[in-house]
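Here is the structure we will look at, set down as structure tokens.
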Amino acid sequence: MSVRVRYAPSPTGSPHVGNIRTALFCHLFARRHQGVMMLRIEDTDRSRYVPGCEEEIEESIAWIHIDWQEGPDKGGPHAPYRQSERAEKGIYAQWADQLLAAGHAYKAFDTSAELEEMREFQQINKQPIGYFGGKWRDASPDEVEAAESAGMRPVIRLKMPRGKMLVVQDAIRGRVEFRSDDVDDPVLIKADGMPTYHFAAMVDDHLMETTHIIRGEEWISSAPKHVWLFEAFGWEPPIFVHVPVIKGKDGSKLSKRHGDTRCLDFRSAGYLPEALANFIALIGWSPGGDREIMTIREMEESFSLEGLQPSPGVFDSDKLKWMNGHYVRQIDPSKLLSVVREFWSHPETQSYWKDRTPVEGEADPTQVRTGLDALCHAPEEYALACLKLEQERVTTLADFGPACLFFLVDEPEMDTKAVDKWFGQAHVPALLEAFIKLCQAAGDSASPETCEAWVREYAASAGLEKLGPVVHPLRVALTGKTAGPGLFELMSVLGPGRMLRRLRRAQGLLITA
RNA sequence: GGUCCGGUCGUCUAGCGGUUAGGAUGCCGCCCUUUCACGGCGGAGGUCGCGGGUUCGAAUCCCGUCCGGACUACCA
């Protein structure tokens, strides 16, 4: 039997990296076994529906190169793939009726106040909390009829068996057992006629011939309800794969408090989908051995359920940064400009960096904006030259802004410490003067080799043994900073004209004793 | 309170009865070098949560214990 898996998110908010990782695992598993991945929208809760969310889900998973063969946007043999539409077709009601007829489900007319009271009582008396033996479980047909004719809207609950062992076959943890007496009767159909997750997901998984339910670990405790549903229907249950949760640095479940968690925010922040996918897959999964850097194709080839970890993992953003830097360096230099332009021209990227408050140790939003704006408006050749020189020095696409900024503004911000260190030294005025002359004498351009020759010859003529006393002040004069690309390359990219203006400006900053 | 899951360097992990417990990241140092970064090399960092067993031998198997987490809605 060929593998069929589904990614079944509910459109109640932006998908975060945890959700996306589950989708990734589905994708990898499906691909590994030449199976099918379905996208199913679990929109049975009307009150929590967030418009636009479904599109964001699709955009998010498509962004990291996950594809699916069946879904609301693609159709498929089991359409529709939106549960609200399936509910309209009466799919769930039909199966609920069957359960009702078979005595596996019953109508319950409790009011929410009554249920609340019940839980309160259980809480106080330290009893297990849940709907275990509510009065409707074994109500007589007469009682039900009376309630119905009184106009009360019932829910349909699943009648869990008593005195039975319910076993969940989990691909990661093996056999997980639950005593059925510990499991309460879940609502299958709500009073508004919509199915709950418990019911809709399982009915659909059967109807859609799902072979493996890959979902978050938080579902493991309701798995016995799902298993029983299959048994009550007489259906063959799929294999469950409960993937561990992702935690933040403090050990609690990953949330906004830990910084960006929304999938598409990583795109806006300048992360590459290849890096995010690679990184995220490694939380909770390993191909075995020492392999870490893998393309999505390579992961597809080596993915297996056995490599899945049962324990939760912490989202280490430092390691993500390292990995992203690796993938940035991997970009074919000829494509660098188009990658950066596509990144920066995205409306979401723009709004992400707009009015963003600076964070210590991270790229300064103002510099990101001005740098990237300038980069995208600069002549292509010049912009590309700047990017190439910074490629191995950045960790995110956004970093190109601050990194390239000095190339693009007429008067780069000067590092005062660097100015203090170098511009008071006795040999510097003559040095600046000499390079001004060289630039004046040069034509429109100067190759890195030419620039190197200038520097070496000047050092020699000034009787300097090392290049440092020439290189460092020049770098500060030209870039305002002490760190950056190789001086000769950077000089060449700036060109004689720009160098000339900067050297003259530097003359005005000389510290005269 | 109940049920279930989990526990190897700070972090992600390899490991499946015999290893000096390996790799990666982060940190430190050295090399490269005109700076930073990249890259290369090296170092610190783990009594494999703890306690008992089983075994000639346990991170690996069993039991207990502690700690952490998830669930406990007419939400998913």
Side-chain angles (χ1 to χ4, degrees), chain A residues 8-13 42-45 47-48 108 110 112 115-116 119 122-131 153-157 168 170 172-173 176-179 181-184 186-198 200-201 215-224 242 244-245 247 249 251-253 279 282-293 309-323 325-326 329 390-395 403 418 452 455-456 459 466-472 474-476 479 481-488:
Chain A
S10 61
T12 53
E42 311 244 333
D43 55 349
T44 53
D45 185 351
S47 63
R48 293 211 310 156
D110 309 83
S112 51
L115 291 174
E116 213 167 293
R119 278 184 214 105
Q122 291 167 333
Q123 182 99 260
I124 291 166
N125 294 291
K126 304 197 170 185
Q127 291 174 358
I129 294 160
Y131 199 92
R153 310 279 317 264
V155 298
I156 298 176
R157 284 184 186 269
V168 178
D170 183 273
I172 303 177
R173 283 155 263 260
V176 183
E177 297 185 337
F178 295 81
R179 285 175 28 228
D181 296 15
D182 294 329
V183 184
D184 74 336
V187 170
L188 264 22
I189 302 288
K190 300 182 256 187
D192 66 0
M194 287 295 269
T196 60
Y197 169 88
H198 298 304
R215 65 197 340 185
E217 189 188 5
E218 64 270 22
W219 290 109
I220 204 164
S221 45
S222 39
H242 291 103
V245 299
K247 304 189 293 182
K249 278 189 191 62
S252 67
K253 200 169 169 181
F279 173 73
L282 258 20
I283 304 177
W285 175 71
S286 162
D290 295 339
R291 292 229 292 157
E292 280 207 322
I293 298 290
Q309 189 94 6
S311 55
V314 173
F315 189 90
D316 180 4
S317 48
D318 282 335
K319 188 157 182 177
L320 205 214
K321 280 182 184 147
W322 162 76
M323 199 172 269
H326 171 86
R329 271 167 244 128
E390 296 292 353
Q391 185 173 15
E392 64 188 27
R393 274 164 256 269
V394 300
T395 69
E452 179 166 2
V455 171
R456 291 196 184 280
K466 292 198 168 184
L467 256 31
V470 181
V471 165
H472 298 309
L474 261 187
R475 172 186 296 285
V476 175
T479 72
K481 306 187 294 180
T482 56
L487 183 67
F488 313 138

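Values below: every heavy atom of this structure, side chains too, minus hydrogens, waters and symmetry copies. Note that the coordinates shown come from a computational prediction; the quantities given were computed from them, not determined experimentally.
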Can you name the side chain to side chain contact (heavy atoms under 4.5 Å, CB included) partners of A:Arg119, sequence neighbours left out?
A:Leu115, A:Gln122, A:Ile129

Every protein N/O lying under 3.5 Å from an N/O of nucleotides 46-50 of chain B:
none

Evaluate whether atom CD of A:Gln123 has more than 12 neighbouring non-hydrogen atoms of other residues, nucleotides or ligands under 6.0 angstrom away.
no

Assign a letter to each nucleotide of nucleotides 33-43 of chain B from its 5' end: B, base within under 4.0 Å of a protein heavy atom; S, sugar-phosphate only; -, no contact.
-BBBBSS----

Identify the two heavy atoms, one from A:Val314 and one from A:Lys249, that lie closest to each other, and give their separation to 0.1 Å.
CG1-CA, 3.8 Å

Between B:C16 and B:U55, how far apart are the two P atoms, rounded to whole Å?
23 Å

Decide if atom CZ of A:Arg179 counts as having more than 12 heavy atoms of other residues, nucleotides or ligands within a radius under 6.0 Å.
no

Determine the Euclidean distance between corresponding P atoms of B:C31 and B:A37; express it in Å to zero decimal places.
15 Å

Work out how far the C1' atom of B:C74 is from that of B:A70, and round it to whole angstrom.
22 Å

With C1' as the reference atom in both, quote the distance from B:C56 to B:C50 in angstrom, rounded to an integer.
25 Å

Summary of protein contacts for nucleotides 67-76 of chain B, nucleotide by nucleotide, where a base hit scores B, a sugar-phosphate-only hit scores S (4.0 Å, heavy atoms):
---SSSSBBB

Is any side-chain heavy atom of A:Ser222 closer than 4.5 Å to one of A:His198?
yes

Test salt bridge (Lys or Arg N to Asp or Glu O under 4.0 Å) applied to A:Arg291 - qualifying residues, sequence neighbours left out:
none

If you measure from the C1' atom in B:G40 to the same atom in B:C4, how many Å do you get, rounded?
49 Å

Within 6.0 Å of CD in A:Glu116, more than 12 heavy atoms from elsewhere
no

Does A:Arg48 have any salt bridge (Lys or Arg N to Asp or Glu O under 4.0 Å) partners at least two apart in sequence or in another chain, and if so, which?
A:Asp45

If pairing means Watson-Crick or G-U wobble with both distances under 3.5 Å, then the partner of B:G7 is B:C66

Of the nucleotides B:G2, B:C4, B:U25, which has the atom closest to the A:Lys319 side chain?
B:U25

Assigned partner base of B:A59, Watson-Crick or wobble definition, under 3.5 Å:
none

Whole-angstrom distance between B:G10 and B:G2, as gauged at atom P
33 Å

Using the C1' atom as the reference point in each nucleotide, state the distance between B:U20 and B:C9 in Å, no decimals.
16 Å

B:U60 and B:G53, which share atom name C1', separated by this distance in whole Å:
15 Å

Side-chain-base donor-acceptor pair under 3.5 Å for A:Gln122 and B:G1
no

B:G39 pairs with, by Watson-Crick or G-U criteria that keep both distances under 3.5 Å:
B:C31

